[in-house]
Every structure is written in structure tokens, then in C-alpha cells.
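No experiment lies behind these values; they were computed from the predicted model shown. All heavy atoms count here, side chains included; hydrogens, waters and symmetry mates do not. A note on names: the letters A, B, ... follow the listed sequences, proteins ahead of strands, and every chain is numbered from 1.
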2 protein chains.
Amino acid sequence: MNGADHLCDGLLAQGVDICFANPGTSEMHFVAALDRRPAMRCILGLSEGVVTGAADGYGRMAERPAATLLHTGPGLANGLANLHNARRARTPIVNIVGDHAAYHLPFDALLTSDIESFAKPVSHWLHRITGPGDVTPSVEAAVQAASSLPGIATLILPADAAWGEPSSQGAAPHKRLPCKAAPAEGLVKQVAAAIRAAGAGRVGLLLGGAATRGSALAVAGRLAESHGVKLLGEVFVNRAERGHGRPQLARIPYPVDAALAALQDIDVLVLVAAAPPVAFFAYPNKPSRLVRPDCSTLTLAEPGQEIAAALLALEDELGRGSGQGVSKAHAEPAPAPPSGVLTEDAIAVLLAARLPDQAIVCDEALTSARRFFALTAEVAPHDYLMNTGGAIGIGIPLATGAAVACPNRKVIALQADGSGLYTVQGLWTQARENLDVVTIILANNAYAILQGEMHAVGVHQFGRNAARMLTLDAPRLDWVSLASGFGVEAARATTCERFLDLLDRALRQRGPFLIEAVI
Amino acid sequence: MNGADHLCDGLLAQGVDICFANPGTSEMHFVAALDRRPAMRCILGLSEGVVTGAADGYGRMAERPAATLLHTGPGLANGLANLHNARRARTPIVNIVGDHAAYHLPFDALLTSDIESFAKPVSHWLHRITGPGDVTPSVEAAVQAASSLPGIATLILPADAAWGEPSSQGAAPHKRLPCKAAPAEGLVKQVAAAIRAAGAGRVGLLLGGAATRGSALAVAGRLAESHGVKLLGEVFVNRAERGHGRPQLARIPYPVDAALAALQDIDVLVLVAAAPPVAFFAYPNKPSRLVRPDCSTLTLAEPGQEIAAALLALEDELGRGSGQGVSKAHAEPAPAPPSGVLTEDAIAVLLAARLPDQAIVCDEALTSARRFFALTAEVAPHDYLMNTGGAIGIGIPLATGAAVACPNRKVIALQADGSGLYTVQGLWTQARENLDVVTIILANNAYAILQGEMHAVGVHQFGRNAARMLTLDAPRLDWVSLASGFGVEAARATTCERFLDLLDRALRQRGPFLIEAVI
């Protein structure tokens, strides 16, 4: 058994049995070891943005880490943008990066790079394996870190640590990370006192991380109903359970002015595994912080703490009311079914009406899907995943990973065209693994969000340079051809009727299907 | 005039008039400023790997920098792999990365990341603009650094430095980089003495950087002819002028054993803007260094020095012979034209026979193109560009940038399928800009190079995991569909006759064309 064998066994022993991969020469011993362990499922991505984005989607839905397998610094580099998103989502990932043999590094061979420098900004935990004997302690520590922080544990695997045999005496285990303490009783009392003092409608409970689902969400719903706190969601949620019978979050709007207005009445903001709300971008003469300067912000629980327990402790302190915790949603009444020429709005209405029970919606539609969220508060129960870090190109990989984690649930990727093109290669993995994903491309042939931002900086007439940087026409992208090229069945809709036909067909059948929805 | 206007003017004033771009919100003021300057040509890439790879191709052929425009840390991250390649090629690039306004960074908005940590490993020079007044000095320093080092000068542009107005007094210029000295006379004498002492056939002149073209190559050719030194090329050349009438380099082979054999007789190795030859990867029980342990290695000139002048000084010292400097090539005689089923070898033979005068060949064919190099020593003069850093996914972008730099020359991308898929989005830029690029996909539906490496680690029968990580079939990729989806005309060949038909058609017409050569 060489180091690579021990690495595989260490992963499997701790329940990590999915490896999203794009290996290279320095990882061949690891590949050979994986090949000797059919219990590990290796899933190839044609580029590393697919690998890391899929690991994110898997981790969000499975609530345990997958492993990645990336080839040295450049392989990691290609996967960094989606690791950035996963870092913001606090998704558990064991991120394995192969490297040259340790003794080869001083020769600065062409593929040599500073892997640590690339990895640090996206890693909650980072370790370079020191030799074959360090493999088992390292993989134990990495899985523990990824699971408990939770977050991204990057493990650098030098080729000679993979091909070498550990000595018989074994290495010392790494220090275990301390468990995060439950919120102190004093803190819970302080939050409760602030809620009581502020009064109904003046307190926001901002739910992030694991607070937007399961028992944590249920307790938060009861707090809202019994104590008049507002349930707020982050601008971009990592995974929220939504739909009929569930407490509904009011997500903070993306545009700064709308966000300021939404938080105007909040005197006390209680953070539950969420970050203080700030503007996504800075704009001249607009504030960075979104709460009022005199708003008091308290942190009830941080990521990695027992979120549901913290909320229960708060409920104990405030007293449990009689409600069921299902706040009445701000759901719009279902609009009349649209017809004729397809529009963003029509897609939202039609999809909301058809959403299957327990669907997983991966939303990277950006400008095109705002209405969909509003329309789906009371539809069939579903999970809703977003781009949490603003690095575009997450949607197709995220849906891929979610479908691996939940093979019996329908995954729907609501995908803007501009961002979808970043990691369009992920369609091939969906085809190869026969994943049950319906991808809806909202094809407006533009970086529409940026056109809006240009207006915001005072430019309304585009010259040649702006037009060429902010549109995707000339030539127009043919998504049906692209999907077919990657082995995914696809069709185009320009009318509501055709879109509904295709949607119904895609929902009935199993396996990947792509709809190019021209808007 | 805001900071962004000064940035554009600074670039244009120093001859940087091409900007490969994929902008985002934090760069909107820069986009607006670019839009006010039609003298700048902005070229959109659908993902940042296309942007940076195209800047590499442009810089290698134009011998002056293009600018990039990347959106914050994740936008840079997506472009890092091809910047890694460009760093190894020492290509001049002014790499502009937008960031949040400086005052917004402490709020850690979702898109915030440690840009410096991402950028350092690929940058020869790195600077964060401190405010609107620092824009002009910074852009002057960046262009100077990119051009003279030469290499990658990364300039981080905070949004508030772009939208702010510089104060009237202006900022102090940055310190200029010192010019690299010409090689000392003593060094030249030392190299000459070593060459004389070693005798004919025992000295290798390893040409890298700018030494593989123009007058430097001509002088090197005369040295080979008159003084019996062997002209060696690096395993992966950044840009070599090749073909009839030019001195031919013997490239060091990629496989370690072959490389050791090729360098076995070398007692003295003289580096001319080249790095000491080392194995691309380490393998158990094989050395990292490729020269004999007792080989004496001398550096005549480093990148950024006057390479041709250094070689002329050496020639003065050794004495100029009567030769023309055109070493007799090791060119194989032209083989008989192949027919029937298409093979790698047939593609090499057919393409070598048809190569147009002054073609630019971008070779990322990896396992598939070794023969092509051997066959083209005596064909029409052409430039030959390779992947210099081992980060795959350079070919399509490199060809794109080369075609922008040299609109009147035919560009031929010899592209392996696995690596081509990384940055296949670059085809769209070729279509949009109507670039004269013929892309030949060597479609073997596998990571063939890795299958070879698996054999090298002793695995000959693949199980399910290895098979799924090292093959690209099931489903088979349809390159004709992919190219069509991106707006590039394409066709498939499975026979020599069909390939030749398609090649002749592609060479006759202008604009992008892709041949899926099934092998």
C-alpha cells in the first residue's frame, strides 16, 4: 500500500465516496489507487471549474464533503472561481491538489507554481502532505476540517507522497480542530432582551448557512410568528428550503437602494450563520453597509455552531408561542398562464406552475429570474441554490453536483447565457453520468446585468467597444448545437407554448435535457 | 477625465491598443472610458482563459503587450492557467484586474478575494493602484515592465481609482526598472573558452526566449556551422522561426529517457535566454536534471537582455566562419502521401506538405503532433508556438491572439481534443473577429498522454475509475456541433482524402474553420 492507497482508504473510511476529478501526470499513482477501489465513484469534469462547482453542489445537498482531484497549480487555478463561491457558501469540500514530488520542486520544472498562494484565498484549511507517512493523519484532519468548520479543506499531495510507502510506525495524528462552542447563555439572553425591547416588526433574523433549512428554519418560523421578528435571507442563499408549508424568507434585494429600503425599519439585526449585509459592489455616493447606522447587530450563531440548538435556546428564552412556524408567505397569486412570445416573466410563471415536488432549483439566471423567486413561495416544496460568491459560471456544475447527491430528485438549472458559457463543459458530465437535470438557458444574448450597470454609471448610448464587450450576438450562440456537441438532448423555444411543451417533456423523462429559451 | 480615462490614454500613448476583455460591474467606468476611445480595440472572450491565452498569442507574435481586462479575483483566477503558460513564455502582457473600491474592501463583500495572492505566482511585476492620481504613473510602469523584463505586469485597478478624478498636481512617477546589462565581456570570453576546450559536437547552445528567431537565431546558426556547437531548443518553445533557410533546433525530447540520451554527449551547455533542462515531471528512480552531472552549464544571456548582441559578441570572440548559418536540417524526406483511414501520422504528413508560407502554427496536440515537428524542418518558413507551461487549454486562445497580431498570416491550431475542451469558448471570439484560423482537432477521445503515464506507473488494465477518468467517449464529443454552436464553420474527416479536401478548402478561404480529424 502506497500513500495514494492510504489516501483513498482514509477518504472512504470517513464517508467520502465521490471524487470529482480532472487528473494529470503527477496524480497517476492516485488515479491507480482510486482504480483499485470501486467503492469510490470518480466523476470526470472536462475542466476544473466543472469539478469544483460540482463538488459545491454535491456538498450543499449531501451535507458531507466530496473530494476533488486537481492537477497541480494550474488545475487548481481553473477551479478557483467556483471554490471562491463554495467558500462563501461554506460548503464542505476535500480539495485535493496534486503536485510534483517534493524533491523535484527546486528544479522549477515548467508546471511548477506556488500552489499555496493560489489556494489560500479559497481555503478554510490548507495542508501540504509531508510524505507517505503523513497521508493518513492528513486526510483524517482534512475531512474533519471540511465537515466541521464547515468549508474547504485543501490538501496538497506531492507525487512522492503518493507513490511512497509509509514506514511501519506511522505518523502522529494532526491536532483536531476544537469544536465550536454552543452560543453562551449570556449571548442568548442578550439577543432575547434586544428582541423584546425593539418590539414587533423592528427585528430582523438574518438566516444564512444551515439556518435556511430543516429544524433551524422551522424554529425560526415559529419565532417569526410568535415574536414578530422578520425572517430575512441573504442576497444569495446557499441552499434554502422553500415552498408550501415552510417559513418564507424575505431575501435582501441585490440593488443597493432596494436593500436599504428593505432594512430601513430594522432596529436590531440578529445574524444566524450569516454575514452582516453589505452592498455587493460599491457605487459612488452609496453606502457599503446596508443596515441603518444606528441598527444594532448581534450574532446569535456562526457557521459550524449548532444552529438549530441556538435558535431553540432563543425560543426557550422568549417563550414558545402556539404557532406552527409557517409564516404566511408574501406569495403572489398565481398569474394567468402566459402565451405567445416567450419572455423572462413568462418563463418564471410557467416554471413556477410546473415545479415538481422536491425539485432542486439551481439559479444562476441573474437578471432573468427575480420574478421566479417571488412566485414560488407557495409552490411544491423544493430546494433553492444560488451563486453565493459572485464568480459566474457556477450554475451548470452546481446542478451537476446536486444531481449526483440526490439521484431521485429533479434538478432544474435556471441559467443565464453569459454565465452558462463559462462552464458549459459541465453538460458533458451530465450526459455521461445520465444526471436528471433540466437546464433552462435564458438566452438574451447579452451580459444584461452589465448593460444595466453601464446605465448606472451614466452611459446610455453604447459605442463599438462597449457594445462588443456587453453583447453576445454576432455571432449568436446556438445552445442546441452546443448541448448536442456535449451529448445532451436539447431544443429551442421562442414561444410560451413551445417552452411549455419542452418543459413538460423534460420533466417527464429522466436524464439531462436543455431548453434554449430565447428571450 | 477620471482615472479610467487616464488608464486608457496611458495604454494608448505607449502603443498598447488591443484589450482582450471580460469585464464586470467593478470595471464599468473602465469600460465606459474604453468606449470613448475607438483607437483601442476591445476583444471579448467568453471566459478568462480565452482572454489571457489570446493575450499570450498576441504578445508572442506582436512582440509588444496587449492589455487584458479581468473582473476581480475570480475573473483573474479563471485566467491564471494561461497566465502561468505566458509567464513561462516570458510574453509581455499588461494584465489589468478590476477590484472593489478601496474603501469597500474591509466589508468583505461576497466577491472580495485576495487578488495579490492569486496574482503573485504568475506575475513578474505587480502593483495595486493607490488612487486616481496613481493611474498614469502605474500604467507607464506596467507597460515598461511588461515590455522590458519581458513578462506579465499585473495592475490591480480599484473601482474608485477608475471613477475618481486625479488631483491637478499629479503623482510622482514610479521608479523605472533598471535596464539589464549586456553580458559582461569576461563571461563571453569564458563561454568562448569553454566551447573551444570542449571541441566540436560536445557543446550545446540551448536557445530559449527571443533566441529562437530573427537575427539571434541567424547568429546561432553560424556558430553551429563554424564552431560545431549543437543548436538545442527547449522541450516547449514559445515561438520558433522554422522552415527552409533557417537554422534548425533539435528540441530536447519530452520523455525523460530520450532527453537524457539526447544530452548524453554534451559536456558544456550554454544557456541563451533558456532555463536549465529538467524533467517535466519527476518519476521514481529517474533524475530531475537532464544533463550529465559533470556537464558544465553556463548562462550567456537571460531573458530581457540583448540576446542577439550577446550571440554576436560570442561570435566575435570565436571568430566568424564562412557559413551562412543554415545548418543542414535533420528533416525527414517527404513521405509518400497517405490515403485511406486517417491517422495522427497521416495528418502530420498531409499538413506538412500543405503548410502555407509564413503560417503560424500553434501546437497543443501533445501526443499527436510529434511527427509534424520532424517533418517541417524544410517546409515553407513559418512560426511555431507551443504550450510553454504545461497548463492545458492554451491552443485555441493562443491561435486567436496570434491571428489578431498577424491578420495577414494563416494561423493553424493543431489541437488535441482533451486540452481543446478547456477553452473551446475561444472559437466564438475567432468567429466574431473573423480571424483567419484553421483549427485541426486531433480527436482521439481520450487523455492519451495520461493513458501512457498510467502504463508508466505499471497499470495496463484499466478498471472503471481509471477508464472514466482517462477517456472522453460515452458520450463522444461532437466537435462539429460545438464549433457550429460558437459560430465557426466546421466539418469532420475520418479519411485522408476527406481531410485533405477540408484542409485545402480551409486554407483557400479566409476566416475560422475547424476540422474534426477523427483518429
Drop me the distance from [X]'s [atom1] to [Y]'s [atom2], to the nearest 0.5 angstrom.
X: Leu482(A); Y: Trp428(B); atom1: CG; atom2: CH2; answer: 12.5 Å
X: Asn465(B); Y: Ile43(A); atom1: CG; atom2: CD1; answer: 9.5 Å
X: Ser484(B); Y: Leu477(A); atom1: OG; atom2: CG; answer: 12.0 Å
X: Phe280(B); Y: Leu110(A); atom1: CZ; atom2: CG; answer: 5.5 Å
X: Cys19(B); Y: Met469(A); atom1: SG; atom2: CE; answer: 6.5 Å
X: His104(A); Y: Tyr283(B); atom1: NE2; atom2: OH; answer: 9.0 Å

Do [X] and [Y] come close enough that some side-chain heavy atom pair is under 4.5 Å?
X: Val424(A); Y: Gln425(B); answer: yes
X: Phe462(A); Y: Val31(B); answer: no
X: Asn78(B); Y: Asn78(A); answer: no
X: Val457(B); Y: Trp163(A); answer: no
X: Leu472(B); Y: Leu44(A); answer: yes

Task: Between Arg88(A) and Ser113(B), a side-chain donor and acceptor under 3.5 Å - done: no

- [ ] Ignoring hydrogens and angles, state whether a donor on the side chain of Glu48(A) or Tyr422(B) is under 3.5 Å from an acceptor on the partner side chain.
- [x] yes

Open item on the list: Less than 4.0 angstrom from a charged side-chain N to a carboxylate O is my criterion; do Asp35(B) and Arg468(A) meet it?
Closed with: no

Task: Residue list, side-chain hydrogen bond (donor to acceptor under 3.5 Å, both in side chains) with Ser26(B), at least two apart or on another chain - done: His71(B)

Using heavy-atom distances under 4.5 Å, tell me whether [X] contacts chain A through its side chain, its backbone, both, or neither.
X: Gln461(B); value: backbone
X: Thr112(B); value: both
X: Asp108(B); value: both
X: Thr429(B); value: neither
X: Asp473(B); value: both
X: Arg87(B); value: side chain
X: Ala159(B); value: neither

TODO: Return the option, out of Gly45(A), Ala101(A), Gly487(A), Ala32(A), with the maximum number of heavy-atom pairs under 4.5 Å with chain B.
DONE: Ala32(A)

Task: Contact winner vs chain B - Ala483(A), Gly49(A), Ala279(A), Gly390(A), heavy-atom pairs under 4.5 Å - done: Ala279(A)

Task: Contact winner vs chain A - Glu27(B), Arg432(B), His100(B), His84(B), heavy-atom pairs under 4.5 Å - done: Arg432(B)

Open item on the list: Holding to salt bridge (charged side-chain N to carboxylate O under 4.0 Å, His left out), I want the full list of residues that pass it with Arg36(A), two or more places apart in sequence or in another chain.
Closed with: Asp5(A)

